[in-house]
Number of protein chains: 4
Amino acid sequence: MPKVSDEHRAAQILDAAMRLAATEGFHRMTMAEVVAVSGLSAGAVYGYFRSKQELVRAIAQRAVGRIATTIDALADAEPPVPPAEGLEAVLDRLLGLSDELGYDVPALAIQGWSEATRDPEVREILGTELLRVRRAWRDFAERVRDRGLLSPEADVDAVGNALMAMLPGFIVFRTVFGDVTPRSHASGVAELMRQPPSR
Amino acid sequence: MPKVSDEHRAAQILDAAMRLAATEGFHRMTMAEVVAVSGLSAGAVYGYFRSKQELVRAIAQRAVGRIATTIDALADAEPPVPPAEGLEAVLDRLLGLSDELGYDVPALAIQGWSEATRDPEVREILGTELLRVRRAWRDFAERVRDRGLLSPEADVDAVGNALMAMLPGFIVFRTVFGDVTPRSHASGVAELMRQPPSR
Amino acid sequence: MPKVSDEHRAAQILDAAMRLAATEGFHRMTMAEVVAVSGLSAGAVYGYFRSKQELVRAIAQRAVGRIATTIDALADAEPPVPPAEGLEAVLDRLLGLSDELGYDVPALAIQGWSEATRDPEVREILGTELLRVRRAWRDFAERVRDRGLLSPEADVDAVGNALMAMLPGFIVFRTVFGDVTPRSHASGVAELMRQPPSR
Amino acid sequence: MPKVSDEHRAAQILDAAMRLAATEGFHRMTMAEVVAVSGLSAGAVYGYFRSKQELVRAIAQRAVGRIATTIDALADAEPPVPPAEGLEAVLDRLLGLSDELGYDVPALAIQGWSEATRDPEVREILGTELLRVRRAWRDFAERVRDRGLLSPEADVDAVGNALMAMLPGFIVFRTVFGDVTPRSHASGVAELMRQPPSR
DNA sequence: CATGAATGAGTATTCATTCAT
DNA sequence: GATGAATGAATACTCATTCAT
């Protein structure tokens, strides 16, 4: 009889693995390390994840899941909030999430994209998860438009997409340039939207 | 006197390696493959690149260099062109580049970001190269503003940044969703900028 | 619970390695050979010795340890025995040891000296082990002196050293000249000590 | 027409190689290093030495040749000199030689012994060279005996051997213990020869 | 003839996975 | 079931030697 439930064990392994993957990347993370950090035996780990590949997929899924969670910030962002503010709230959450969880979530996102390049299954997982995110951004754009902060004819799919697309940019810029903040990044959207002088 | 110039040999190796890295990623690309595809011997490859690490750095540098080249599209985009059109031109070029070169440049970009996460030298290389790109976007934003397509008070740094930030988004979306095109991606920016009804 | 104890496995590997090192020398001994001769897998060997370097150090330690063992012959050499006889007994044991173990212990000694030249850790190992040997020779010299076979004023440290120093000479001569025996080698000491005619 | 004679070139190469072999040992010395240090081209080096093996043999020969030279000290040691003083003179010369030549001759000796273990040709070279040394020690012992410093019945071959045998001991002790000097080492012989109290 | 770029077999080491206990 | 020792294919890199120029 296991002391703890199966889900707990699986989570324990996943946690260890995500921590490792965030700092070392998928391919430098060894199963031996996962075994050591999780505190279980090799056999036990392989009882929960049939292969490293499967574990990597689980990490990718959970990592984007975590990020998907950040867009709840958009819903909270009610009363009418301009797009830039919604984006900033999401980026803030993303950083907050890393602090809470104790590992670098954006780093894991990059790992996931990289893996999606060659593992179709990871690509599918990411596609499925990110579809939810896409819809959330669409809904946000719709609400924003409906409240008069966008042109009534604006294509809310396109706008949602554009706002969501700022996220990978934020993650990449954070990695290569040190100087980006949620505020600075989101301000670009606000500046873009400033009214040109009516002619 | 060597049969072919050193630069040619290095380029030959780099070409093989970029092709491989684009399809398999940095860590699945083996030196044996590079040797085989380049058509040289192991010793010869190591004569030009002291280690796999060094080769990976060279790939990263050249890949972002290639991408930096695409922003020339911005300069070409004269007479007054709205931001969305400039972006679209750049994205078009990016895809064109992949066709020309015969390997997936965006895939290499993702590999580069991933590597920048743990190799500070790659991070620096990317930082340096992307700084040029950043300046180009800033200049573009400035020209756009000066031609009255942005508010005269718009912060051109922020706008440039935002436009540039759409690029990683495009790359990631292309990988995980199949349905993004330069036009669809850029249109989000245009939609975002539509004038809300003057109240 | 492992089939055989860890020490047994380590000894199994060490044995194979010593056999190989004795015939081929440290640097021509390949890990592949060690793996093959020990009958284990590469992984197993690396489980017990982290690197070839570490294995080489273990060999050096054990080889000099074996040689150190031969000086027990000195203690056995009681009742009052002249220095030359003590030396001969030790040299005899050294050859006997090689026969018993099935590999050339003197050859390993030379390998150890060679390695000590560039690996400080091996130098230290040899220094530590040989200090014991040095003390044993000193004690032997003391006993010999106390039994009147040396001048009462003889410096037992110096005498012990000189006798011990005959050992590398024996090993080297055996390698390059074929004609040295424990008896012939030790006789030099006896001849040296013969009384010159009292004048 | 070569600027310098063939012998000079060969010596130039040998010099570079001996310097390298003394510091790194035969197997860590690479032909590329020999090429670099000698200042010649790879082809040129291979013009003078057909293989690394042959170069190693030449080094071994020259190194023991150098050491053989030290025993000239024995001839110089005329007027009747006791064995210990003759030995001390030789050891002094050995150290002086290293200083003069700028590389560690004893280190090369150890390399040579090590190589003799597996290369029969090196073994033969060493055997031939050391035979000269052996004879010199025999002659020294004879002279010493004839001058009354040894028993008239002393076996000069055995005595010569014993004195010569102190040399490897000196070299090994110098390597593993730091504290040996020509004087301390030679004194052991003197102490051994002190007259036990006439009974 | 001299050069030094190219060769490629050989080496130490790692690590995902299994399976005897 | 649970364990963790053992497996062994795979991998990056070296270096003595050659030979086209």
Side-chain angles (χ1 to χ4, degrees), chain A residues 1-3 9 26-36 39-56, chain B residues 1-6 9 13 27-36 38-56, chain C residues 1-6 9 13 27-36 38-56, chain D residues 1-3 9 26-36 39-56:
Chain A
M1 193 197 345
K3 227 188 294 190
R9 277 284 165 89
F26 285 150
H27 65 284
R28 292 208 192 163
M29 170 191 88
T30 70
M31 291 305 273
E33 286 174 323
V34 173
V35 165
L40 300 177
S41 68
V45 169
Y46 274 86
Y48 290 95
F49 299 92
R50 288 239 265 245
S51 66
K52 183 179 178 181
Q53 184 74 284
E54 202 172 275
L55 181 55
V56 162
Chain B
M1 203 194 329
K3 219 186 303 189
V4 294
S5 74
D6 276 15
R9 275 287 157 86
I13 295 165
H27 64 282
R28 291 209 194 163
M29 169 192 88
T30 69
M31 290 307 272
E33 286 173 324
V34 173
V35 165
S38 70
L40 299 176
S41 67
V45 170
Y46 277 90
Y48 289 95
F49 298 92
R50 284 219 266 257
S51 64
K52 184 179 177 181
Q53 182 76 283
E54 201 172 278
L55 182 56
V56 162
Chain C
M1 198 197 330
K3 218 189 303 188
V4 293
S5 73
D6 275 15
R9 275 288 157 87
I13 295 165
H27 64 282
R28 292 210 192 163
M29 168 191 90
T30 70
M31 290 307 271
E33 284 173 325
V34 174
V35 165
S38 70
L40 299 176
S41 67
V45 168
Y46 276 88
Y48 289 95
F49 299 92
R50 284 218 266 258
S51 65
K52 184 179 177 182
Q53 183 76 286
E54 200 172 276
L55 182 55
V56 162
Chain D
M1 197 196 343
K3 225 186 298 188
R9 278 282 165 89
F26 285 149
H27 65 284
R28 291 208 192 163
M29 171 192 87
T30 69
M31 290 305 273
E33 285 173 323
V34 174
V35 165
L40 300 177
S41 69
V45 168
Y46 274 86
Y48 290 95
F49 298 93
R50 291 240 263 246
S51 65
K52 184 179 178 182
Q53 185 73 283
E54 201 172 276
L55 181 55
V56 162

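Each chain gets a letter, A, B and so on, in the order its sequence line appears, and its residues count up from 1. Scope of the values below: all heavy atoms of this structure, side chains included, with no hydrogens, waters or symmetry mates.
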D/M29 CE - F/dT14 P separation (whole Å): 18 Å

Between E/dA16 (P) and A/F26 (CZ): distance, integer Å: 14 Å

If you look at every heavy atom in C/Y48 and C/E54, which pair is closest and at what distance? O-OE2, 4.2 Å

Euclidean distance, atom CD of residue B/E33 to atom P of F/dA12 [Å, nearest integer]: 9 Å

Not counting sequence neighbours, which residues clear side chain to side chain contact (heavy atoms under 4.5 Å, CB included) with C/T30? List them please. C/A32, C/E33

Please work out the stems of DNA chain E from pairs that are Watson-Crick or G-U wobble with both distances under 3.5 Å, keeping only runs of three or more consecutive pairs. E:2-21 with F:2-21

Any residue meeting side chain to side chain contact (heavy atoms under 4.5 Å, CB included) with A/A42, in chain and number order, not counting sequence neighbours: A/V35

Nearest-angstrom distance from the residue atom NE2 of A/H27 to C1' of F/dT11: 13 Å

Set of residues satisfying side chain to side chain contact (heavy atoms under 4.5 Å, CB included) with respect to C/H27, sequence neighbours excluded: D/H27, D/R118

Starting at atom NZ of C/K52, determine the distance to atom P of F/dT14, rounded to an integer number of angstrom. 16 Å

Side-chain contact check for C/S41: nearest option of F/dT17, F/dA6, E/dT13 is F/dA6

For the residue pair B/Y46 and B/M31, what are the closest heavy atoms and their distance? OH-CG, 3.4 Å

Can you list everything that forms a salt bridge (Lys or Arg N to Asp or Glu O under 4.0 Å) with B/R28? Sequence neighbours excluded, please. A/E115

Identify which nucleotide among F/dT17, F/dA6, E/dA12 has an atom closest to any side-chain atom of D/Y46, counting heavy atoms from C-beta outward. F/dT17

Could you state the CZ-C1' distance from B/R50 to F/dT14, rounded to the nearest angstrom? 14 Å

Length of the CZ-C1' vector between B/R28 and F/dA12, whole Å: 18 Å

State which of F/dT17, F/dA6, F/dA12 makes the closest approach to the side chain of C/Y48. F/dA6

Taking the nucleotide of DNA chain E with the closest heavy atom to each, which residue, B/G39 or C/S51, is nearer the 5' end? B/G39

How do A/A42 and B/Q53 order along DNA chain F: which one's closest nucleotide is nearer the 5' end? A/A42

State which of F/dT17, F/dC13, E/dT13 makes the closest approach to the side chain of C/M31. E/dT13

Any idea which of E/dC15, F/dA6, E/dT13 is nearest the A/T30 side chain? E/dC15

Rounded interatomic separation in angstrom, taking CZ from A/F49 and P from E/dC15: 21 Å

Which residues pass the side chain to side chain contact (heavy atoms under 4.5 Å, CB included) test with A/S41, not counting sequence neighbours? A/A44

Base, sugar-phosphate, or nothing for B/G47, non-hydrogen atoms under 4.0 angstrom? nothing

Of the nucleotides F/dT7, E/dT3, E/dA6, which one has an atom closest to the side chain of B/A44? E/dA6

